[in-house]
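Heads up: the structure comes next, in structure tokens.
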Amino acid sequence: MRCLSVPSSLELFISAYFLNNQPHVARFLFEQMPQRNTTSYNTLISGYVKLGCLSDAQTIFDTMPESNVVSWTSLLRGYIQAGAINEAEALFRRMPEKNVISCTVMLGGLIQEGRIDDARRLFDTMPERDVVTRTIMVSGYCQMCRTAEAREIFDDMPRRNVIAWTAMISGYAHNLQLDQARKLFEVMPEKNEVTWTAMLTGYTQAGRIEEANDLFKRMKMKPVIACNAMIIGFGQCGMVTEARDVFNQMLEKDDGTWSSMVKIYEQNSSPLEALDLFRSMQMANCRPSVPSIVSVLIVCANLAILGHGRQVHAVMVRSHFDSDVFVVSALITVYVKCGELAMARMIFDMSDGKDVGLWNSMITGYAQHGLGEEALKIFNDMCSAGVIPDEITYIGALSACSYSGMVERGKAIFKSLNSNSIVRPTAEHYACMVDMLGRAGQIEKALEIIRKMPVEADAVVWGALLGACRIHKKVEIAEIAAKKLLQLEAWNSGPYILLSNIYAAMGRWEDVAKLRKVLSLRSVSKSPGCSWIEVDKTVHMFTGGDIMVHPEHEIIACMLERLDGLLKEMGYTPDLSYVLHDVDEEQKMLNLRYHSERQAVAFGLLKVREGMPIRVMKNLRICGDCHTAINLIAKAMAREIILRDANRFHHFKDGNCSCREYW
DNA sequence: AGTAACACCC
């Protein structure tokens with residue numbers, strides 16, 4: 001009687017369990033095998049390698065009675081995957097027997113390390129090369145932007161399959177040689193979905209959205225990857241509706257589809273749609289991955305909506321994402337931007353394996369809240385911990401000094417930035433310095449810095465100078481800065497408004513009028529001011545004057561009325577000179593009396609539970625008059641009010657603001 | 001045992 005070949009069917013099961021991410025079951029089956037041969041051992045080794053369990057693979061390899069070239073190659077692959085290239089090379093040298101495949105695996109490892117020339121040396125000495133070997137070389141050269149050498153290998157190939165063609169096409173596309181890619185695309189014998197997708201993403205990444213869309217429309221099968229690329233491409237061009245159309249038409253979505261769409265809404269100033277879609281994503285039972293959770297967290301941070309942020313945090317903890325540095329630093333930013341510094345700090349302290357980004361989130365967090373000392377303490381801790389600061393670290397540390405008026409310490413940090421060799425000072429660092437000196441009243445020194453800086457001063461730098469001129473009423477330098485800004489960003493109304501405020505404060509009304517004329521002639525865009533507040537997981541958005549839009553506008557109006565009375569009792573009179581000459585869009589609504597931040601505060605007073613702080617966000621800088629008024633309101637109503645504007649936080653409590661009027 | 005497309009992120 002003949003028996004079925006039991007071992008081989010068990011091996012099938014073993015690899016199936018590995019694929020299913022159940023190595024213990026696989027191992028159990030292996031232990032149960034009545035007889036094991038080299039192939040059974042190899043199944044186990046490759047299974048462990050695929051799951052990244054290198055030490056298990058190594059143990060099996062060490063204990064197996066007889067290894068062959070396949071066992072060695074699997075293990076080699078394991079070391080390469082783990083990034084242990086030195087160990088891999090040592091292993092490769094020790095191999096008793098090598099064939100095309102093992103050499104090719106080694107080749108891939110070298111390319112992964114960016115060592116294309118070493119790979120080439122190995123390639124030249126190989127006794128035999130096949131399609132796979134050559135294809136790997138083609139994509140290796142392309143990764144290093146050396147498409148000419150890639151093309152030589154490609155042209156030399158005795159035989160080419162779809163994969164080889166696609167590798168060459170996608171290599172050209174990644175290097176923005178789209179027309180070269182297209183030529184090959186047109187002449188190649190048979191294309192598959194991957195080929196089409198490679199060509200398409202080449203176009204989307206180059207911003208050539210029409211050509212991408214042409215291809216996309218011609219594709220019979222539209223794989224998720226191609227659709228996602230199309231969504232991202234449309235999103236980058238600001239074509240939100242088109243992106244959404246693709247999204248809607250997809251029968252099958254992955255988490256990249258959802259999170260890309262969420263991000264597009266967020267970046268194209270549709271935050272509410274972003275959140276709404278995130279909610280639908282959860283309802284569609286789409287399990288978020290690390291990148292998608294990060295992009296949603298960024299939406300929460302940018303909108304500073306604590307309730308949503310907490311919800312995502314909960315999702316994260318449940319999915320065990322709370323150990324990923326990207327996720328954790330985004331989460332810290334959420335709590336920072338929601339004004340929950342203590343929570344941010346706790347998450348920071350609890351995280352281990354802190355990388356630069358994580359430290360940076362905490363440093364910039366303290367800086368944004370005007371807590372310079374704490375920010376610098378974290379900065380020092382970071383250096384003591386042996387973590388190398390990057391550009392962002394320095395921006396955080398310098399702006400911490402700037403917001404807290406610590407000029408001397410700022411200068412010292414700037415000096416150390418200039419003397420270290422790792423980070424080169426950029427325009428942004430100079431902007432911090434200009435901001436710092438400017439706020440401290442050293443406007444001439446700030447201008448001096450701009451004149452001497454080695455990189456070209458951009459709008460951020462000049463904007464910092466102009467802002468300082470506004471605080472200290474330095475009209476001559478303000479004019480210089482404004483003129484520069486008008487050259488750099490003609491579309492931006494900000495400089496006009498600032499300059500006009502300075503003129504107004506000095507009583508130079510003719511200049512105010514002149515500016516106003518220029519502004520209307522140029523019809524520059526004014527970003528509409530809006531404020532929002534989150535109550536019971538709903539975000540309520542207010543725009544200046546548009547009070548009737550809100551469903552509860554009647555009680556809000558009553559509250560505003562009441563607050564007006566209170567303010568009057570406290571001896572407050574609106575700073576009309578300030579208001580009258582602000583050309584901000586919101587100011588036009590003056591006769592409607594209320595700025596968006598005040599509406600949001602009024603709504604908060606009505607809806608937020610007694611004793612809880614009111615958190616209001618504004619997309620622009622808070623208006624000076626509102627700053628005074630809200631400070632008084634916080635005192636009169638005995639409420640803590642936290643207002644985040646475009647620049648920083650203002651914690652109003654007991655008649656004081658955390659910015660100490662230094663903003 | 002090894003090859004091509006996306007990739008959102010501090």
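A note on names: the letters A, B, ... follow the listed sequences, proteins ahead of strands, and every chain is numbered from 1.
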message: To the closest 0.5 Å, what do you measure between CD (A/Glu428) and CD1 (A/Ile395)?
response: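 Going from CD on A/Glu428 over to CD1 on A/Ile395, the span is 4.0 Å.
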
- request: Mind checking the NZ-OG spacing from A/Lys50 to A/Ser15? Nearest 0.5 Å is all I need.
  value: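 The NZ atom of A/Lys50 sits 7.0 Å away from the OG atom of A/Ser15.
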
For the side chain of [X], counting heavy atoms from C-beta on, which of [options] is nearest?
X: A/Ile136; options: B/dC10, B/dT3, B/dA5; answer: B/dT3
X: A/Asn161; options: B/dC8, B/dT3, B/dA1; answer: B/dT3
X: A/Thr133; options: B/dC10, B/dA5, B/dG2; answer: B/dG2
X: A/Ile225; options: B/dT3, B/dA5, B/dA1; answer: B/dA5
X: A/Thr197; options: B/dG2, B/dA5, B/dC10; answer: B/dA5
X: A/Val194; options: B/dG2, B/dA5, B/dC6; answer: B/dA5
X: A/Thr201; options: B/dA5, B/dC10, B/dA1; answer: B/dA5
X: A/Ser46; options: B/dC10, B/dA1, B/dC6; answer: B/dA1
X: A/Ile163; options: B/dG2, B/dC9, B/dT3; answer: B/dT3
X: A/Asn192; options: B/dA7, B/dT3, B/dA4; answer: B/dA4

How many whole angstroms separate atom [atom1] of [X] from atom [atom2] of [N]?
X: A/Ile231; N: B/dC6; atom1: CD1; atom2: P; result: 15 Å
X: A/Leu122; N: B/dG2; atom1: CG; atom2: C1'; result: 13 Å
X: A/Lys263; N: B/dC8; atom1: NZ; atom2: C1'; result: 6 Å
X: A/Tyr141; N: B/dA4; atom1: OH; atom2: C1'; result: 19 Å
X: A/Met382; N: B/dC10; atom1: CE; atom2: C1'; result: 12 Å
X: A/Asn302; N: B/dC8; atom1: CG; atom2: P; result: 17 Å
X: A/Ile293; N: B/dC9; atom1: CD1; atom2: P; result: 15 Å
X: A/Leu331; N: B/dC9; atom1: CG; atom2: P; result: 17 Å

When we call it a touch if two heavy atoms are under 4.0 Å apart, what does [X] touch: a base, just sugar-phosphate, or nothing?
X: A/Leu358; answer: base
X: A/Asp255; answer: nothing
X: A/Glu266; answer: nothing
X: A/Ser260; answer: base
X: A/Ile298; answer: sugar-phosphate
X: A/Ser259; answer: base
X: A/Thr195; answer: nothing
X: A/Asp130; answer: base
X: A/Ile232; answer: sugar-phosphate
X: A/Gly108; answer: nothing

message: Tell me whether the side-chain N/O atoms of A/His174 come closer than 4.0 Å to OP1 or OP2 in B/dC6.
response: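 Yes, within the criterion.
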
- prompt: When you check the phosphate oxygens OP1 and OP2 of B/dA7, does a side-chain N or O of A/Gln205 lie under 4.0 Å from one of them?
  reply: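 Checking B/dA7 against A/Gln205, a side-chain N or O does come within under 4.0 Å of OP1 or OP2.
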
message: Between A/Thr147 and A/Gln180, is the side chain to side chain donor-acceptor pair (under 3.5 Å) condition met? List the steps.
response: CA-CA 10 Å; A/Thr147 45; A/Gln180 297 272 32; over 6 Å; no

message: Name the residue from A/Lys183, A/Arg151, A/Arg182 that meets the side chain to side chain donor-acceptor pair (under 3.5 Å) definition with A/Tyr172.
response: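 It is A/Arg151, the one option of A/Lys183, A/Arg151, A/Arg182 that forms the side chain to side chain donor-acceptor pair (under 3.5 Å) with A/Tyr172.
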
task: Show the numbers, then the answer: is there a side chain to side chain donor-acceptor pair (under 3.5 Å) between A/Ser384 and A/Asp381?
output: CA-CA 5 Å; A/Ser384 322; A/Asp381 290 349; 5.1 Å; no

- request: Verify side chain to side chain donor-acceptor pair (under 3.5 Å) between A/Asp56 and A/Thr59, making sure each step is shown before the conclusion.
  value: CA-CA 5 Å; A/Asp56 293 298; A/Thr59 313; 5.3 Å; no

message: Given the structure, check if the side chain of A/Asn99 and the base of B/dA1 hold any donor-acceptor pair shorter than 3.5 Å.
response: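 Answer yes: a donor N or O sits under 3.5 Å from an acceptor.
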
field: A/Phe216/A/Trp196 under side chain to side chain contact (heavy atoms under 4.5 Å, CB included): CA gap, chis, key distance, verdict
entry: CA-CA 8 Å; A/Phe216 187 63; A/Trp196 280 82; over 6 Å; no

